Asker: 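I have a structure I would like to understand better, so I am pasting it below and will then ask my questions one at a time.
Predicted model only: the values in this text are computed from it and were never measured. Along the sequence shown, the residues carry numbers beginning at 1. Computed over heavy atoms, backbone and side chain alike; hydrogens, waters and symmetry mates excluded.
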Amino acid sequence: MIRLDNGPAHVLAPRKTLDYFDIERATLPRAIAPLDAWNIIMEDPWPLLQLAFRIRDAISARFGVKRIGGFSTKRAESANVGERLDFFVVEHVDETSLVLTERDRHLDVMTCISVVGPEISITSSVRTHNLFGRLYMIPVGVAHRWIVRGMLRKLARKLA
């Protein structure tokens, strides 16, 4: 766990050992729980994001990476450690954070949605395990920042 201006965030490992690290923040019109933020963001994913997941699955499957299919838009009424939210596994959940992971032989990914009052942050950390994981993260790392920023802007608009 690391300490951010607006509270703690979970990360996979010490920051200097990560292959990818990003924090995106926003101030929302009102405070919400991390699971509520997840549900609002995922209820209407961008069509281009779904296309990106289809392309990702088609390419990655040729390298032995399991298909993840993207986001389902299915509302989660609760999140418990060990359960899945779409392709992520819930690693930790409390009133201020929702920690999701996906791990395979190429890379480990952790996404932490943290809230403190109306402040929200999405912290993403990745450790790669091989060449495929490193190559995969080149386009994903660039796109990820743009996607998460857009998701946070959309969340703020929906709450306004």
Asker: For V90, check side chain to side chain contact (heavy atoms under 4.5 Å, CB included) against everything at least two apart and list the hits.
Answerer: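 Per chain and number, V90 pairs via side chain to side chain contact (heavy atoms under 4.5 Å, CB included) with A79, L85, V93, L98, L100.
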
Asker: If hydrophobic residues (ILVMFWY) are linked whenever their side-chain heavy atoms come closer than 4.5 Å, directly or via other members, who joins V142 in its cluster?
Answerer: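 In the cluster with V142 there is nothing else; it is isolated.
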
Asker: Apply salt bridge (charged side-chain N to carboxylate O under 4.0 Å, His left out) to D19 and list each qualifying residue two or more places apart in sequence or on a separate chain.
Answerer: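 Listed in chain order: nothing, the list is empty.
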
Asker: Just wondering, do M110 and R103 contact through their side chains at under 4.5 Å, heavy atoms?
Answerer: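 Side chain of R103 against side chain of M110, heavy atoms only: contact under 4.5 Å found.
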
Asker: Taking only residues two or more places apart in sequence, or in another chain, which ones meet R145 in a side-chain hydrogen bond (donor to acceptor under 3.5 Å, both in side chains)?
Answerer: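 R145 satisfies side-chain hydrogen bond (donor to acceptor under 3.5 Å, both in side chains) with D22 only.
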
Asker: Got a sec, which residues hit ring pair (Phe, Tyr, Trp, His ring centres under 6.0 Å) with H92, two or more places apart in sequence or on another chain?
Answerer: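 Scan of H92 (ring pair (Phe, Tyr, Trp, His ring centres under 6.0 Å), adjacent residues dropped) gives H10.
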
Asker: Could you work out, with side-chain hydrogen bond (donor to acceptor under 3.5 Å, both in side chains) as the rule, every residue matching T27, not counting sequence neighbours?
Answerer: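 Expected list: E119.
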
Asker: For N39, which residues count as a side-chain hydrogen bond (donor to acceptor under 3.5 Å, both in side chains) partner, sequence neighbours excluded?
Answerer: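 Applying side-chain hydrogen bond (donor to acceptor under 3.5 Å, both in side chains) to N39 gives none.
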
Asker: Would you mind writing out the side-chain donor-acceptor pairs for residues 151-160 within the sub-3.5 Å range, not counting sequence neighbours?
Answerer:
from, atom 1, to, atom 2, distance (Å)
K154, NZ, D44, O, 2.5
K154, NZ, D44, OD2, 3.4
K158, NZ, E43, OE2, 3.0

Asker: Which pairs pass ring pair (Phe, Tyr, Trp, His ring centres under 6.0 Å) with one or both residues in residues 140-160, sequence neighbours excluded?
Answerer: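 Listed by first then second residue: Y20-H144, W46-W146.
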
Asker: Who passes side chain to side chain contact (heavy atoms under 4.5 Å, CB included) against I138, sequence neighbours left out?
Answerer: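 Once residues adjacent in sequence are excluded, the partners of I138 under the side chain to side chain contact (heavy atoms under 4.5 Å, CB included) criterion are L135.
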
Asker: In terms of side-chain heavy atoms, does D104 have a donor or acceptor partner in H129 at a distance below 3.5 Å?
Answerer: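 No donor-acceptor contact under 3.5 Å links the two side chains.
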
Asker: List, by chain and number, the other hydrophobic cluster members for V81, where Ile, Leu, Val, Met, Phe, Trp and Tyr join if side-chain heavy atoms come within less than 4.5 Å, directly or indirectly.
Answerer: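 Grouped by the 4.5 Å side-chain rule, V81 forms a cluster of one, so the answer is none.
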
Asker: side-chain hydrogen bond (donor to acceptor under 3.5 Å, both in side chains) with D36: which residues, sequence neighbours excluded?
Answerer: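 For D36, no residue satisfies side-chain hydrogen bond (donor to acceptor under 3.5 Å, both in side chains) once neighbours in sequence are set aside.
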
